[in-house]
Amino acid sequence: EPDWERLRALWKELEFHTLIRQIPASAPAAVAAEALPTLEGPEALERWLGAVPADAPVAVDWVGEGAPPEPTLSALGLFHPAAGAAILPLGSVPPELGGRRLIGHDVKPMIEWWLARGGSPPAFEDTAVGAYLLNPARTNYKLDEVSAELLGEGPGLAAPGTRARWVWKLWEMLPRALKEVGLDTLYEEVERPLVPVLAAMERHGIRVDPGGLEAFSKELDGTLVGLTRQIYTLAGGEFNIGSPKQLAEVLFEKLKLPPVKKTKTGYSTDADVLEQLALGHELPAKIIEHRTLAKLKSTYADALPELIHPSTRRIHTSFNQLVAATGRLSSSAPNLQNIPIRTELGRRIRAAFLPEPGWRFLAADYSQIELRILAHVSGEESLLAAFRAGEDIHQRTAAEVFGVNVTAVVAEQRAIAKTTNFAVIYGVTAFGLSNQLSFTPKQAQEFLDRFFGRHAKVKAYLERTVAEGRQRGFVQTLLGRRRYIPELQSGNPNLRGFAERMATNAPIQGTAADLVKIAMVRMAKALAEGGFKARMLLQVHDELLFEAPEDELARLEALTREVMESAMALDVPLKVDIKTGADWEQA
DNA sequence: GCGAGGGT
DNA sequence: ACCCTCGC
């Protein structure tokens, strides 16, 4: 008989998703076989805790559904070596744990559950967060898989009390493991304190105006109906506009338009391609417009009202702390980190986000955070000088690279310099830059050469980063957050090139993530200590969004600027732009 | 799973 | 570069 669980683990690692589905379902026998004591009532819990030394922590594993704003937890598995494993069924009141510190694995839902029940959450450690710092590139941080990686084996299918035993085992090794690689401070000062901050933000949620979105949806629908008719006329027949396959048939076979580029499965119909085709035919522009409106309607105008929580009347995103390999947060269900902003129509979505009635939004975003970090880590004088002098950085770059006076830079030169600045942070290739700038790869290469000629220390920094990464197997941020990139040693030039771009981007994007997380932790503390009614609602990578009563705005603005601009001391000043408004579009 | 497109 | 969601 095959060892199905090992096979499952192996195939999972190899991403054989289809094969995994053919593995017979694992038998739940193990769960039934364990007879753990169930602690019914406060006295039973007190007795169990009596066996735990007074100031010792307790390992927990929570059972339930973790969605904000009110996770539903049915039980906690508990473990301490002196008291053994037990199961604690949960009622409506948070359990009294005698002030003990808890050790959990992915505790944010549990913290949120505690908050939802009006309790003040206990102090805690989080083994999933620790495991994320040790290796942020895992696809998931399930207790079983993290245990398998760090301990050689895991609980498999087990009762919560037994799972808590594994949480305990993880915590027996994690502090030392974190310290060994210099991640203990990041854990203690940033990631762990951030957990309850995120829990509170998720619980607060944000108000949206469903009426406004529904009206906008109807408007979009009207426009889409008209566009669809025009598209069918131009195409000489009906087809599914949402199907890239059918669209490709219409464009490249029926209408004989020239295919521009290919995907793995056929001819590409992405926006770049359609824009090119639009020069020779009326249809592609209509397709672009249709796609834009359909995206706004389905992803935002129709979806967001559905996600309004019936009791809070607000939208509660989940901020995931364990997803992005660079250290950034991500947001899901819904993603509130990609609410449109660039186009007029898109901003109608943003305008539907509202503060508490009578309150105002305050949005604070870091100006050029990643370029400032690049200036700091590279020591590039021209960048340092430009930021210290408060200059327009893209204009300055343009002046240097085009060899003209700063005052003589024209808009097009500035735009090219701006794209190049981002390309450098992303570690982009001449080929990638050429696509973005509609240059030939040769022109783009010449441009990059001129950029690096004028920014020798940036070039040296990037080369140093890649070389160190190749030699050590990982790159790191200013605070020591690591990202392992074994592909830097690959013999495959494509794979290695991709790895090198990740290696140049990760320390910069990751340092920005570290910095914003520090600001969040300090802002949460400062708001509490300052007796503010204001709340921190969202983080969008380089921006924090707050809502506050009118009479707190001035104080909040001063506090936010002070906290965010002092989050890290770099060789360049940090600059924060702050706006307030009656909706998120104005703020 | 893929292509596409929204954000940083 | 990093994400998430949508429709097919």
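Residue contacts shown for A:Y300 are limited to sugar-phosphate atoms, with no base heavy atom under 4.0 Å away. At a threshold of 4.0 angstrom between heavy atoms, the contacts of A:T504 with the nucleic acid are absent. Using a 4.0 Å heavy-atom distance criterion, A:N338 is classed as a base contact. The residue A:I508 sits apart from the nucleic acid: no heavy atom pair falls under 4.0 Å. Across all strands, A:G242 comes closer than 4.0 Å only to sugar-phosphate atoms, never to a base (heavy-atom distances). A:A271 comes within 4.0 angstrom of sugar-phosphate atoms only, judged by non-hydrogen atoms across all strands, and of no base. Here A:A325 lies in heavy-atom contact (under 4.0 Å) with sugar-phosphate atoms only. In this structure, A:R501 reaches the sugar-phosphate backbone alone: every heavy-atom distance under 4.0 Å involves primed, P, OP1 or OP2 atoms, never a base. Counting any heavy atom pair closer than 4.0 Å across all strands shown, A:F498 reaches sugar-phosphate atoms only and no base atom. Residue A:A506 is classed as having no contact, given no heavy-atom separation below 4.0 Å to the nucleic acid. If you check every strand for non-hydrogen atoms under 4.0 Å, A:Q509 touches a base. Within 4.0 Å of A:I339, counting heavy atoms only, lie sugar-phosphate atoms of the nucleic acid but no base atom.
Atom CG of A:N505 and atom C1' of B:dT8 are 11 Å apart (whole Å). As a whole-Å value, the separation of A:L488 CG from C:dA1 P is 13 Å. Note: CD (A:E543) to C1' (C:dC2) measures 17 Å, nearest angstrom. In this structure, the NZ atom of A:K262 is 20 Å from the C1' atom of B:dA4, given to the nearest Å. We find that CG of A:L304 is positioned 9 Å from P of C:dC6, with the value rounded to whole Å. Across the protein-nucleic acid pair, A:K261 atom NZ and B:dC2 atom C1' stand 15 Å apart, rounded to whole Å. Counting to the nearest Å, the C1' atom of B:dA4 and the NZ atom of A:K245 are 17 Å from each other. Protein atom CG of A:L336 is 12 Å distant from nucleotide atom C1' of C:dT5, rounded to whole Å.
Nearest nucleotide to the A:T292 side chain, out of C:dC3, B:dG6, C:dC6: B:dG6. The side chain of A:H541 has B:dG7 as its nearest neighbour among C:dT5, B:dG7, C:dA1. Side-chain proximity of A:D270 to the nucleotides B:dG3, B:dG5, B:dG6 is greatest for B:dG5. Counting only heavy atoms from C-beta on, A:R291 has its side chain closest to B:dA4 among C:dC2, B:dA4, B:dG7. Closest approach to the A:I341 side chain among B:dG3, B:dG7, C:dT5 is made by B:dG7 (side chain taken as heavy atoms from C-beta onward). If you check C:dC6, C:dC2, B:dT8 against the side chain of A:T326, the one that comes closest is C:dC2.
Between A:S330 and C:dC4 there is a side-chain N or O to OP1 or OP2 distance below 4.0 Å. Contact annotation: A:T263 side-chain N/O to B:dG3 OP1/OP2 distance is under 4.0 Å. In this structure, A:R483 reaches the C:dC2 phosphate: one of its side-chain N or O atoms is under 4.0 Å from OP1 or OP2. Contact check, A:N240 against C:dC8: a side-chain N or O comes under 4.0 Å of OP1 or OP2. Proximity of A:T265 to the phosphate of B:dG3: a side-chain N or O atom is located under 4.0 Å from OP1 or OP2. Within the 4.0 Å cut-off from OP1 or OP2 of B:dG6, not a single side-chain nitrogen or oxygen of A:R342 is found. OP1 or OP2 of B:dG3 has not a single side-chain nitrogen or oxygen of A:T269 nearer than 4.0 Å.
In terms of position along DNA chain C, the nucleotide closest to A:R328 lies nearer the 5' end than the nucleotide closest to the other residue of the pair A:P334 and A:R328.
No N or O donor and acceptor, one from the side chain of A:K295 and one from the base of B:dG6, sit under 3.5 Å apart.
A side-chain N or O of A:T317 and one of A:S331 form a donor-acceptor pair less than 3.5 Å apart. Inspection of the A:Q230 and A:E282 side chains reveals no N or O donor paired with an N or O acceptor under 3.5 Å. Defined by atom type and a distance below 3.5 Å, a donor-acceptor pair is present between the side-chain atoms of A:D514 and A:T477. Between the side chains of A:R470 and A:S490, no donor N or O sits under 3.5 Å from an acceptor N or O. Side-chain atoms of A:D272 and A:Q276 form no donor-acceptor pair, as typed in the model, at a separation below 3.5 Å.
Between A:R348 and A:E219, at least one side-chain N (NZ, or NE/NH1/NH2) sits under 4.0 Å from a carboxylate O, which counts as a salt bridge.
Shortest non-hydrogen contact noted between A:A519 and A:M564 is CB-CG, 4.1 Å.
Below 30°, between 30° and 60°, or above 60°: for A:H394 and A:F422 the angle between ring planes is between 30° and 60°, a tilted geometry.
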